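Structure first, then comments.
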Amino acid sequence: MQKTIIATIKKESNGIDYYKENQGKKKYKIAKNQVNYLIGVILRDYFSKKSQAFDVSILQAEDKKLIDHSFQKLGRTKQEKDVALSKIESNPQYIKDKDMAKIEKKVAESIQNSITDDSIDPINQIDTDLFTKYKQLNINFKQEFNHDLKEVKRNIIFKNSLQHSISNFYEVEYVKDYVLRELHTINWNGQRLIVSYGYSKYDKKLHDPLNWYCE
């Protein structure tokens with residue numbers, strides 16, 4: 001919807017068609033100087049606060065799907081899967097659900113103390129102990145992070161070119177969520193598996209960075 005509004009505003013001289021009724025009834029238009037407010041406040045309020053997308057039961061259901069899909073890769077038979085799962089749960093990378101909240105808090109605090117919103121190379125400014133302790137944060141993770149961060153910043157530059165005000169990027173929050181999401185995974189036989197609940201709440205935000213980490 002944001003893309004539609006931005007694309008339309010470039011074509012219209014006075015405003016954009018917001019709503020029409022048939023038979024020549026009411027026609028509402030949003031003027032150019034109101035578009036930033038529409039995107040930044042109204043849509044965010046509707047989709048972020050009113051939506052049920054972040055309902056706990058829905059997130060748990062999505063996590064279960066992702067975990068089940070990962071476990072399907074562990075073997076062809078139930079016995080093979082059970083053996084692999086037992087090995088995964090004893091792997092140092094694996095973080096038990098009961099320990100996740102405490103670990104997430106420590107990792108989040110470490111990141112917040114290591115970087116700022118204007119950090120040039122944030123992933124390499126994080127405390128190296130995190131990469132030593134949590135093997136999920138490997139070279140592939142760093143490469144994927146750097147690629148995604150560059151893409152987000154390119155999109156922010158493009159967005160800023162279409163509006164009068166400048167969007168601020170909360171890089172610390174983005175980095176924090178990116179790392180915390182990865183703690184719910186494990187590297188197993190060359191595959192990245194999602195193995196614990198809590199992955200989806202970060203994944204949803206990270207797939208919509210302009211809405212969640214910009215203002």
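Small disclaimer: the values here were computed from a predicted structure and weren't measured.
A heavy-atom distance below 4.5 Å is not found between the side chains of F141 and T185. For the pair W212 and K204, the minimum side-chain heavy-atom distance is 4.5 Å or more. Within the 4.5 Å cutoff, side-chain heavy atoms of Y134 are placed close to those of I95. Between P122 and L149, some side-chain heavy-atom pair lies under the 4.5 Å cut-off. In this structure the side chain of K135 never reaches within 4.5 angstrom of the side chain of P92, judged on heavy atoms. Considering only heavy atoms from C-beta on, D203 stays 4.5 Å or farther from D177 through its side chain. Put simply, the side chain of C214 does not reach to within 4.5 Å of the side chain of N168, judged on heavy atoms.
Hydrophobic cluster membership for Y94: L66, I67, F71, L74, L85, I88, I186, W188, L193, I194, V195, Y197, Y199 (Ile, Leu, Val, Met, Phe, Trp, Tyr linked by side-chain heavy atoms under 4.5 Å, directly or transitively).
For the atom pair Q125 CD and I111 CD1, the distance stands at 12.0 Å (nearest 0.5 Å). Distance check, rounded to the nearest 0.5 Å: CG of D99 to CG of L183 gives 12.0 Å. I123 contributes atom CD1, which lies 7.5 Å from atom CG of L137 (distance to the nearest 0.5 angstrom). Within the model, atoms CG of N155 and NZ of K153 stand 13.0 Å from one another, a figure rounded to the nearest 0.5 Å. Atom-to-atom distance recorded for S70:OG and H184:NE2 is 13.0 Å, nearest 0.5 angstrom. Here the straight-line distance linking atom NZ of K87 with atom CG of N189 works out to 8.5 Å at 0.5 Å rounding.
In this structure a side-chain-to-backbone donor-acceptor pair under 3.5 Å is missing from S86 to D82. Judged purely by atom type and a 3.5 angstrom limit, S110 has no side-chain atom pairing as donor or acceptor with the backbone of V107. Under the 3.5 Å distance criterion, the side-chain polar atoms of E80 are matched with a main-chain donor or acceptor of R76.
K81 and G75 get closest at one heavy-atom pair: CE-O, 2.9 Å. Considering all non-hydrogen atoms of both residues, N187 and Q93 come closest at N-OE1, 2.9 Å. The shortest heavy-atom contact between E171 and S119 is OE2-O, 2.8 Å. Here the closest non-hydrogen pair linking V152 and P209 is CG2-CG, 3.7 Å.
With respect to the salt-bridge test (charged N to carboxylate O, under 4.0 angstrom), the residues E182 and R192 qualify. Checked for salt-bridge contact, K106 and E109 miss the test: no charged N lies under 4.0 Å from a carboxylate O. A salt bridge links K176 with E173; the closest basic N to acidic carboxylate O contact falls under 4.0 Å.
For F169, the ring-ring contact (aromatic ring centres under 6.0 Å, His included) partners at least two apart in sequence or on another chain are Y174.
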Exercise. Determine, stepwise, if the pair K205 / R181 fulfils side chain to side chain contact (heavy atoms under 4.5 Å, CB included).
Key: CA-CA 10 Å; K205 293 167 67 178; R181 179 181 65 176; over 6 Å; no

Quiz prompt | Full working for side chain to side chain contact (heavy atoms under 4.5 Å, CB included) between N124 and K142 | solution = CA-CA 9 Å; N124 287 318; K142 287 186 176 182; 3.7 Å; yes

Quiz item: Can you check salt bridge (charged side-chain N to carboxylate O under 4.0 Å, His left out) on E151 and R154, steps first, answer last?
Solution: CA-CA 5 Å; E151 185 68 20; R154 274 197 296 266; 2.6 Å; yes

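Not less than 6.0 angstrom separates the ring centroid of Y178 from the ring centroid of Y202.
Side chains of S114 and D127: a donor-acceptor N/O pair is absent below 3.5 angstrom, by distance only. D208 and Y213 are not linked by any side-chain donor-acceptor pair at a separation below 3.5 angstrom, with hydrogens and angles left out of the test.
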